[in-house]
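Predicted model only: the values in this text are computed from it and were never measured. First listed ligand is number 1; within each ligand, the first listed atom is number 1.
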Amino acid sequence: MKIAIMGTGRMARGLAKGWARTGHTVHLGSRTPEAREETAQTIPTAAVSDHAAALEGADVVVIAIPYTAVEAFARRHAGQLRGKVVIDITNPFDNLPDNRVAGAEITATAIGAGARVVAAFKDNFWATLDQPASAEGIARDVHLAGDDEEAKQVVAGLAAELDFQPLDCGPLRNARILDSMVPLMIELDQRYARGQSQASWKLLAK
Ligand SMILES: NC(=O)c1ccc[n+]([C@@H]2O[C@H](COP(=O)([O-])OP(=O)(O)OC[C@H]3O[C@@H](n4cnc5c(N)ncnc54)[C@H](OP(=O)(O)O)[C@@H]3O)[C@@H](O)[C@H]2O)c1
């Protein structure tokens with residue numbers, strides 16, 4: 001698949017490295033691609049360009065920019081985002097009007113009809129992207145929420161390729177719960193993982 005990752009920061013680079021390793025073509029989208037050439041060179045097979053060029057021909061798009069920039073980004077590129085599997089990993093924190101809407105729902109509305117948004121990786125710390133299992137060998141969970149079942153399966157497959165445990169958390173509105181789990185995860189990380197961005201969620205179902 002061609003995976004377009006919007007952003008060139010910690011999450012974008014971590015995911016890009018993983019999916020480049022598992023054989024996908026990864027294209028990073030940047031506001032200043034010329035300044036990010038060196039970053040792209042650290043990721044085998046990855047290229048960097050402006051957002052519109054990176055989105056060209058992508059099967060999957062990952063939005064890995066600050067939440068406050070997402071709605072405008074999604075409106076600007078709605079034509080290119082419609083019909084594609086869009087993974088919204090962004091965390092709104094205190095920037096939501098209230099807790100009755102998820103950041104990913106706002107993204108889907110901004111894209112409009114034909115949006116295939118899956119909220120995922122919101123509560124996976126950047127520092128764990130290259131360590132999908134804990135020291136005890138337990139795979140970290142990746143929570144997914146979305147209304148498009150096929151899109152969720154694609155994202156679950158991509159998470160599993162990186163050796164994470166994908167967990168279908170239901171419809172996109174359940175991303176409201178995921179949004180509020182992120183500040184809690186940071187609190188728990190500070191209390192139990194020395195604030196080293198190592199804490200992860202694990203569902204024990206048996
Ligand atoms: N850090 C984590 O552990 C973590 C975990 C889960 C989810 N997230 C979410 O993932 C997203 C990225 O987090 P991160 O830690 O990777 O952030 P980061 O390291 O600060 O990188 C963000 C990237 O977004 C781009 N960017 C910055 N301001 C922008 C703007 N106004 N418009 C468009 N692009 C902009 C920049 O790339 P260019 O300069 O090349 O354009 C930058 O490299 C955030 O929404 C965050 O909430 C983070």
Side-chain angles (χ1 to χ4, degrees), residues 3-19 26-43 46-55 60-78 80-81 86-96 102-108 110 117-132 140-145 155 158-159 162 164 166-167 169 175-190 193-201:
I3 304 176
I5 304 183
M6 302 298 104
T8 58
R10 295 170 298 181
M11 289 298 285
R13 292 196 304 271
L15 292 169
K17 277 183 188 152
W19 286 323
V26 179
H27 208 133
L28 299 173
S30 172
R31 295 164 302 168
T32 54
E34 59 294 342
R36 304 289 184 231
E37 284 293 344
E38 234 170 272
T39 300
Q41 281 165 15
T42 63
I43 304 162
V48 63
S49 61
D50 63 35
H51 294 135
L55 290 169
V60 173
V61 178
V62 181
I63 305 182
I65 63 177
Y67 172 77
T68 47
V70 174
E71 190 176 3
F73 167 85
R75 280 190 204 289
R76 192 174 321 120
H77 297 284
Q80 284 184 293
L81 295 171
V86 173
I87 309 178
D88 186 345
I89 73 163
T90 68
N91 291 322
F93 294 105
D94 294 330
N95 290 297
L96 287 174
E105 290 177 289
I106 295 176
T107 306
V117 175
V118 178
F121 291 102
K122 283 172 174 279
D123 52 357
N124 295 92
F125 276 120
W126 68 274
T128 65
L129 293 178
D130 62 354
Q131 306 165 40
R140 302 176 197 270
D141 291 339
V142 170
H143 296 135
L144 318 172
V155 181
L158 286 170
L162 301 181
F164 286 94
L167 275 191
C169 298
R176 301 169 193 185
I177 301 165
L178 300 184
D179 284 343
S180 55
M181 284 167 75
V182 176
L184 177 61
M185 182 181 73
I186 292 168
E187 176 81 30
L188 292 171
D189 187 72
Q190 281 161 358
R194 301 178 307 284
Q196 294 188 341
S197 305
Q198 291 291 328
S200 297
W201 299 102

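We find the CG-OG distance between N124 and S197 to be 12.0 Å, quoted to the nearest 0.5 Å.
Every protein residue with a heavy atom nearer than 4.0 Å to ligand 1 is included here: T8, G9, R10, M11, S30, R31, R36, A64, I65, P66, Y67, A69, I89, T90, N91, F121, K122, N124, F125, W126.
Scored by the ring pair (Phe, Tyr, Trp, His ring centres under 6.0 Å) test, F73 finds H51, H77 as partners (sequence neighbours excluded). Partners of T68 under the side chain to side chain contact (heavy atoms under 4.5 Å, CB included) rule, at least two apart in sequence or in another chain, are P66, N95.
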Can I get a per-line list of side-chain donor-acceptor pairs under 3.5 Å for residues 35-43, giving both atom names and the distance, sequence neighbours left out?
unit_1: R36; atom_1: NE; unit_2: T8; atom_2: OG1; d: 3.1
unit_1: T42; atom_1: OG1; unit_2: T39; atom_2: O; d: 2.6

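Taking 4.0 Å as the cut-off between side-chain N and carboxylate O, D50 and R31 do not count as a salt-bridged pair.
Between M6 and H27, every side-chain heavy-atom pair lies at or beyond the 4.5 Å cut-off.
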